[in-house]
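One structure is given here, and the rest of the page talks about it.
Residue numbers begin at 1 in each chain, while the letters A, B, ... track the order of the sequences.
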Amino acid sequence: MNPVLDENPLVQSRLAKLEQWKKQGIYPFGQRFERTHLAADAEQEYSRLEASQGPEQAAHQLQVALAGRIVSFRAHGKASFAHLQDRSGRIQLYGRLNELGEQGYQDFQKLDLGDIIGVRGRLFRTHRGEITVQVDSFQLLSKSLRPLPEKWHGLKDVELRYRQRYLDLIVNPEVRQVFVTRSRIIASIREFLTARGFLEVETPSLHPIAGGANARPFKTHHNALDMDLYLRIAPELYLKRLIVAGLEKVFEIGKNFRNEGISIKHNPEYTSMELYQAYADYNDMMAITEELMATVAEKVRGTLKIQYQGTEIDLAPPWPRVPMLEALERYAGVRAAMLADDEAARSTAARLRVDLPPNATRGQVINELFERFVEPKLIQPVFITDYPVEISPLAKRKHSDPSLTDRFEPYIYGREMANGFSELNDPLDQRQRFEAQLAARQRGDEEAHMMDEDYLTALEYGMPPTGGLGIGVDRWVMLLTDSASIRDVILFPHMRLREESEGEEAPG
RNA sequence: GGGCCAUUAGCUCAGGUGGUAGAGCACCGGACUUUUAAUCCGGGUGUCCCGGGUUCGAGUCCCGGAUGGCUCACCA
């Protein structure tokens with residue numbers, strides 16, 4: 001990434017060619033070009049022609065106009081081969097002196113890897129069997145001034161791949177495939193939900209109060225209003241206002257922003273899908289979760305048995321439902337009796353050498369023990385249910401045990417994939433929960449909720465019993481594209497700013 | 001933020017114990033009208049991440065810093 005364009009000799013030679021084109025009266029950053037085919041369509045149509053008319057008859061019959069980037073070039077004296085890449089793939093070009101003429105062929109040889117051209121020609125099949133465009137004419141549509149990464153090894157440097165994703169996408173076809181799959185996943189989600197009567201909505205990203213999740217927000221400022229705002233950490237509380245409004249079935253796919261660490265599983269901005277359904281509960285949400293995830297997997301992978309990082313995951317519903325306390329006993333040997341109250345829970349944690357704040361509640365202990373001992377073991381899809389009320393400030397209490405909630409999270413490959421519950425619609429209980437969160441905040445928990453009076457007002461008008469669900473789309477895409485890092489499924493993952501090369505920091 | 005590792009040509013990478021920087025691709029010049037990682041002949045194009053230090057001499061050793069990867073902590 002040399003900011004000074006003309007220092008690099010490779011760039012120098014391309015700039016020289018640029019001048020040559022200009023001298024010939026050809027502006028090297030051209031106009032629109034009318035294509036007749038994409039590379040893949042041209043190949044397909046030619047194959048059909050061969051099948052119907054026979055290979056000899058088909059040759060040089062099909063006229064095409066294609067456009068794309070030159071990604072390989074093999075000169076053979078008075079004839080040259082190249083590959084042209086467009087969004088559908090690559091097709092070979094064959095340019096000869098015979099068709100192009102003296103000047104045309106000279107120009108053809110002046111092309112550099114990376115140049116973007118439009119070609120017109122006729123298809124034929126070479127001796128080696130590759131469908132190829134015999135180029136009759138071409139025009140330079142955009143001159144490339146920088147050399148592309150290596151053609152055989154591609155671009156490996158992870159930092160360059162993320163920082164200059166366009167290069168990654170040009171030279172690494174499997175990367176392009178990941179993002180095509182990502183797009184298909186999101187399209188499938190929309191299709192699935194709209195077919196079931198859900199309304200897609202868009203709620204604000206700038207929140208006066210960051211709510212709907214336990215997370216640290218980014219802060220920003222509105223100048224004209226002279227008002228601090230937060231980038232949303234979840235759309236939840238706005239979507240539930242829409243349930244109060246009577247929209248009944250809504251969903252939103254969008255970005256959340258969390259001011260927290262970056263890791264293989266975390267990007268500061270990430271995509272979530274949240275849905276809310278009036279008159280439903282968390283059992284309905286589990287059903288919709290497994291059905292949605294299975295349907296999308298089937299659509300993009302063609303199977304419910306997918307490979308992830310060498311492990312087979314079977315997404316076929318129904319997935320088992322296991323209450324959290326039961327999971328703790330089954331996977332960690334911790335019985336519910338050992339977690340009877342705050343005191344007992346803390347001493348159990350101490351015995352298991354799990355560090356917790358001295359005033360940790362029973363719910364926090366349960367959550368901590370679960371994450372530590374159970375989560376990594378949940379490889380095949382499973383719903384963990386009945387989360388402690390202390391860590392679920394927006395979920396409805398269980399009828400049978402008010403210390404727990406009607407909440408679930410599906411786990412796959414040891415990862416939390418989603419979060420859903422029967423929504424708390426009792427405004428009085430909700431106020432108490434917020435107050436408990438405020439108390440936690442005062443004790444230094446920066447991720448605890450803020451008081452949201454406006455949301456409470458909405459609840460006070462009456463919200464129907466509602467099931468809600470949030471899915472982390474990026475992690476889902478990781479699973480379905482067998483990607484190890486969240487950065488491999490985000491086009492431009494967050495990267496630190498490069499240090500300016502001038503030595504601005506004081507020596508010693 | 002802590003720990004470990006990495007950073008050498010446009011790209012992919014080599015460079016025991018300190019002694020004038022290398023290969024493949026790409027690029028430049030030449031040959032070649034069905035090649036495909038084309039081939040053949042000739043050419044190395046460099047801020048060895050940055051800044052100090054040790055040394056007669058540093059890509060290599062020491063210190064500090066930057067960026068990235070993995071990992072731990074926090075989170076989805």
Side-chain angles (χ1 to χ4, degrees), chain A residues 1-2 4 7-14 16-17 59 71-83 90 92-100 105 112-114 124-130 132 134 144-164 167 170-172 213-216 233-234 256-274 355 368 371 409 411 415-419 445-447 470-476 478 484-487 493 495-508:
Chain A
M1 271 205 296
N2 186 350
V4 183
E7 263 183 9
N8 185 326
L10 276 63
V11 172
Q12 281 295 334
S13 107
R14 284 163 181 251
K17 284 183 184 168
V71 290
S72 73
F73 202 93
R74 296 174 293 284
H76 289 260
K78 297 184 178 62
S80 299
F81 290 93
H83 275 100
R90 294 179 172 191
Q92 183 165 255
L93 304 181
Y94 181 54
R96 286 198 311 182
L97 184 62
N98 311 35
E99 286 79 25
L100 290 167
Y105 188 65
D112 284 316
L113 294 189
F124 73 105
R125 199 180 275 276
T126 63
H127 292 160
R128 303 290 282 271
E130 180 164 351
T132 300
Q134 172 105 48
S144 171
L145 297 179
R146 293 182 186 268
L148 288 177
E150 214 252 4
K151 65 175 174 183
W152 188 242
H153 296 94
L155 185 64
K156 288 261 175 56
D157 185 307
V158 184
E159 184 176 352
L160 285 183
R161 286 186 45 225
Y162 296 153
R163 284 191 194 275
Q164 293 180 278
L167 292 179
I170 290 170
V171 301
N172 296 326
N214 292 90
R216 287 163 63 183
I233 56 175
N256 293 331
F257 306 86
R258 299 194 178 175
N259 206 341
E260 285 159 355
I262 295 174
S263 82
I264 200 166
K265 287 185 285 183
H266 301 86
N267 196 59
E269 55 180 296
Y270 70 98
T271 302
S272 77
M273 188 287 296
E274 287 200 10
D355 279 339
E368 191 65 34
E371 285 179 1
E409 291 191 349
Y411 281 85
R415 285 181 194 156
E416 182 187 339
M417 300 297 295
N419 182 18
D445 182 356
E446 288 184 71
E447 290 170 5
I471 298 183
V473 171
D474 310 273
R475 289 186 182 178
W476 193 3
M478 285 169 71
S485 167
I486 197 166
R487 294 176 159 191
M495 301 290 270
R496 210 179 289 252
L497 270 180
R498 281 267 207 198
E499 174 207 25
E500 291 305 315
S501 52
E502 307 314 313
E504 80 266 47
E505 71 251 320

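With rounding to the nearest 0.5 Å, the separation of NE2 in A:H83 from OG1 in A:T132 is 7.0 Å.
For A:R128 and B:U36, the shortest distance from a side-chain N or O to OP1 or OP2 is below 4.0 Å. For A:R74 and B:U35, the shortest distance from a side-chain N or O to OP1 or OP2 is not below 4.0 Å. The shortest distance between the side-chain N/O atoms of A:K156 and the OP1/OP2 oxygens of B:U12 is not below 4.0 Å. Listed pair A:R415 / B:A76 fails the phosphate criterion, with no side-chain N or O lying under 4.0 Å from OP1 or OP2.
Within 4.0 Å of A:G472, counting heavy atoms only, lies no atom of the nucleic acid at all. Looking at heavy-atom distances under 4.0 Å, A:Y162 makes contact with sugar-phosphate atoms alone, never a base. Contact annotation for A:G154: backbone-only contact, meaning every heavy-atom pair under 4.0 Å involves sugar-phosphate atoms and none involves a base. Heavy atoms of A:L10 sit under 4.0 angstrom from at least one base atom. Residue-level contact check: A:A213 touches neither bases nor backbone, having no heavy atom under 4.0 Å from any strand. Residue A:N267 is in base contact, counting any heavy-atom pair closer than 4.0 Å across all strands shown. No contact: A:M417 has no heavy atom under 4.0 Å from any strand.
A:D112 contributes no side-chain N or O that, together with a main-chain N or O of A:P147, makes up a donor-acceptor pair within less than 3.5 Å. No donor-acceptor pair under 3.5 Å is formed between the side chain of A:Q164 and the backbone N or O of A:L167.
Residue A:I486 has its side chain nearest to B:A76 when only B:U33, B:U35, B:A76 are considered. Among B:U45, B:A76, B:A26, the nucleotide with an atom closest to any side-chain atom of A:P9 is B:U45. Of the candidate nucleotides B:C27, B:C74, B:G68, B:C74 has the atom lying nearest to any side-chain atom of A:E447. Of the listed nucleotides (B:A76, B:U33, B:G68), B:A76 has the atom at the smallest distance from the side chain of A:R258. Nearest nucleotide to the A:K17 side chain, out of B:C28, B:G46, B:U35: B:C28. Taking every side-chain heavy atom of A:R163 into account, B:U67 is the closest of B:A76, B:U67, B:A38. Side-chain proximity of A:D157 to the nucleotides B:A76, B:U35, B:U12 is greatest for B:U12. For A:L113, counting side-chain heavy atoms from C-beta on, the closest listed nucleotide (B:A26, B:G68, B:U35) is B:A26. Among the nucleotides B:C11, B:C74, B:U34, the one closest to any side-chain atom of A:P149 is B:C11. Closest to the side chain of A:S13, out of B:G68, B:C28, B:G10, is B:C28.
In this structure, CD1 of A:I264 is placed 20 Å from P of B:C4, rounded to the nearest angstrom. Atom pair A:K265:NZ and B:A73:C1' shows a separation of 12 Å (rounding to whole Å applied). In this structure, CZ of A:F81 is placed 16 Å from P of B:C32, rounded to the nearest angstrom. Whole-Å rounding puts the A:K151 NZ to B:C27 C1' distance at 12 Å. If you take CD of A:Q92 and C1' of B:A37, they are 13 Å apart, rounded to a whole angstrom. Note: CE (A:M273) to P (B:A76) measures 17 Å, nearest angstrom. Here the P atom of nucleotide B:G1 and the CD1 atom of A:I262 are 11 Å apart, to the nearest Å. Note: CD (A:Q12) to P (B:C27) measures 16 Å, nearest angstrom.
Figure legend. B:C4 is base-paired to B:G69; pairs are counted as Watson-Crick or G-U wobble with both atom distances under 3.5 Å. Searching all strands for a Watson-Crick or G-U wobble partner of B:U12 with both distances below 3.5 Å returns B:A23. When Watson-Crick and G-U wobble pairs are counted only if both distances are under 3.5 Å, B:A37 pairs with no nucleotide at all.
Of all heavy-atom pairs between A:N256 and A:S272, the closest is ND2-OG, 3.1 Å. Residues A:R125 and A:G129 approach most closely at NH1-O, 2.7 Å, considering heavy atoms. Closest heavy-atom contact between A:G470 and A:E274: CA-CG, 3.9 Å. A:L113 and A:S144 make their closest contact through O-OG, 4.2 Å (heavy atoms, listed as atom of the first residue, atom of the second, distance).
Heavy-atom neighbours of A:R74 CZ from other residues, nucleotides or ligands within 6.0 Å: above the threshold of 12.
Side-chain contact annotation: A:R475 with A:Y270, donor-acceptor N/O pair under 3.5 Å absent.
B:U60 and B:A6: their C1' atoms are spaced 15 Å apart (whole Å). The C1' atoms of B:C25 and B:A38 are separated by 14 Å, rounded to the nearest whole Å. Distance check on atom C1': B:G44 versus B:U20 gives 15 Å, rounded to whole Å. The separation of B:G65 from B:A26, taken at their P atoms, amounts to 42 Å, rounded to a whole angstrom. For the C1' atom pair drawn from B:G22 and B:G30, the interatomic distance equals 25 Å after rounding to whole Å. The gap from the P atom of B:C28 to that of B:G10 amounts to 15 Å, rounded to the nearest Å. Across the C1' atoms, B:G51 and B:U7 are found 16 Å apart, a figure rounded to whole Å. When the P atom is used for both B:G59 and B:A21, the distance is 8 Å, rounded to whole Å.
A donor N or O paired with an acceptor N or O is not found under 3.5 Å between the base of B:U67 and the side-chain atoms of A:E159. Counting distance only, with no hydrogens placed and no angle test, the side-chain atoms of A:S72 and the base atoms of B:U36 include no donor-acceptor pair under 3.5 Å. With hydrogens and angles left out, the side chain of A:E130 and the base of B:U34 share no donor-acceptor pair within 3.5 Å. Counting atom types as modelled, A:N98 pairs a side-chain N or O with a base atom of B:U33 as donor and acceptor under 3.5 Å.
Per the stacking criterion (ring centres < 5.5 Å, plane angle < 30°), A:H127 stacks onto the base of B:U34.
The nearest heavy atom of RNA chain B to A:L148 and to A:E368 marks one nucleotide each, and the one closer to the 5' end goes with A:L148. Mapping A:S485 and A:Y270 onto RNA chain B by nearest heavy atom places A:S485 closer to the 5' end of the strand.
Contact of the A:Y411 side chain with the A:M417 side chain is not registered, since no non-hydrogen atoms from C-beta on lie closer than 4.5 Å.
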